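Everything quoted here is computed from the prediction, not taken from an experiment. What's counted below: heavy atoms across the whole structure, side chains too, no hydrogens, waters or symmetry copies.
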Amino acid sequence: MFFDTWNGLARVLVMAALAYPLLIAAVRASGKRTLSKMNAFDLVVTVALGSTLATIVLNRQVSLAEGALALGSLVALQYATAWASARHRGVRRLVKAEPTLLLHDGRMLGEAMRRERVTPDEVRQAIRTQGTGAVEQVQAVVLETDGSFSVIPRSQSGSGTAMDDVAPAP
C-alpha cells in the first residue's frame, strides 16, 4: 500500500513530534554510556529504544502514554542493570564481555584469536593504526569489551596494572 489516508500521515507527524522529545529525555536520563562506544548490552538497549520510538510513531494501537512508559521502563532497567554491574562482579560478568588478550610479548595468541573470531591481519592493522611498525615492538593487544583494539607498545608497558582485568596469556 502506498497511501492510506491523510489522517494517517498527520498522526505519524504528530506522534513523531511528541515522541521525539521523549526519546531525547530517555537518552539523556540513561546517561553518557548510551552515547559512547557501546558494549553489546548498551547496543541492545539503544536499539530497543529506537525500536520503541518507531512503534510509538507508526503503530496506531500504541498510545503516546504507553510508549512513554515503555521508554521509561527501558531506561530504568538499563540504569538498574548498569548500577548493579558497577557494584557486583557476578552481574558485570553476565552483562559485559571480558577483555581478551590477543597478542602477548610480540606473539599472537591463536586460540584466543579463533575464539574471538579475529584474524592476524586485524591485529596487525590495529598495531599499524597505533603507529607501530613491528609486531615484536608490541607488549600486548587487547580486544576490548566494546570491540575496539588496545595496543600497548613494549616501551609503554610500565608496571602492567592496566592489564589487571585481562586474563593472562596461557
Which atoms form the tightest heavy-atom contact between [X] and [Y], and what is the distance?
{"X": "P21", "Y": "A16", "result": "CD-O, 4.4 Å"}
{"X": "T52", "Y": "G67", "result": "CG2-O, 4.1 Å"}
{"X": "R60", "Y": "G8", "result": "NH2-CA, 3.4 Å"}
{"X": "R124", "Y": "V135", "result": "CG-CG2, 4.1 Å"}
{"X": "R92", "Y": "S85", "result": "NH1-O, 2.6 Å"}
{"X": "M15", "Y": "S63", "result": "CE-C, 4.3 Å"}

Check whether any side-chain N or O of [X] sits under 3.5 Å from a backbone N or O of [Y] as a donor-acceptor pair, and report yes or no.
{"X": "R87", "Y": "A82", "answer": "no"}
{"X": "S51", "Y": "V47", "answer": "no"}
{"X": "R93", "Y": "E98", "answer": "no"}
{"X": "Q156", "Y": "P153", "answer": "no"}

Student check: side-chain heavy atoms of [X] and [Y] closer than 4.5 Å:
{"X": "E122", "Y": "M113", "value": "no"}
{"X": "L53", "Y": "L49", "value": "no"}
{"X": "L143", "Y": "F149", "value": "yes"}
{"X": "V75", "Y": "Q78", "value": "no"}

Item to check | T132-Q137 side chain donor-acceptor pair, cut-off 3.5 Å | outcome: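 The criterion, which ignores hydrogens and geometry beyond distance, is not satisfied for Q137 and T132.
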Next on the checklist: Exactly one of I152, L103, D105 should register a side chain to side chain contact (heavy atoms under 4.5 Å, CB included) with V138. Which one does?
Outcome noted: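 The residue from I152, L103, D105 that satisfies side chain to side chain contact (heavy atoms under 4.5 Å, CB included) with V138 turns out to be L103.
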Separation of [Y] [atom2] from [X] [atom1] (nearest 0.5 Å):
{"X": "L94", "Y": "T81", "atom1": "CG", "atom2": "OG1", "answer": "10.0 Å"}
{"X": "L109", "Y": "R114", "atom1": "CG", "atom2": "CZ", "answer": "10.0 Å"}
{"X": "L18", "Y": "L64", "atom1": "CG", "atom2": "CG", "answer": "5.5 Å"}
{"X": "L69", "Y": "I56", "atom1": "CG", "atom2": "CD1", "answer": "10.0 Å"}
{"X": "S150", "Y": "L102", "atom1": "OG", "atom2": "CG", "answer": "10.0 Å"}
{"X": "E111", "Y": "T100", "atom1": "CD", "atom2": "OG1", "answer": "11.5 Å"}

According to a 4.5 Å side-chain heavy-atom criterion applied to Ile, Leu, Val, Met, Phe, Trp and Tyr, with indirect links allowed, do [X] and [Y] form part of one hydrophobic cluster?
{"X": "V12", "Y": "L22", "result": "yes"}
{"X": "V123", "Y": "L101", "result": "no"}
{"X": "V166", "Y": "V151", "result": "no"}
{"X": "L74", "Y": "V57", "result": "yes"}

Next on the checklist: With a sphere of 6.0 Å drawn around CZ of R117, does it hold more than 12 non-hydrogen atoms of other residues, nucleotides or ligands?
Outcome noted: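 Not more than 12 within 6.0 Å, no.
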Checklist entry - Other hydrophobic cluster members with I24, side-chain heavy atoms of Ile/Leu/Val/Met/Phe/Trp/Tyr under 4.5 Å, chained? => result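 Once heavy-atom contacts under 4.5 Å are chained together, I24 belongs with Y20.
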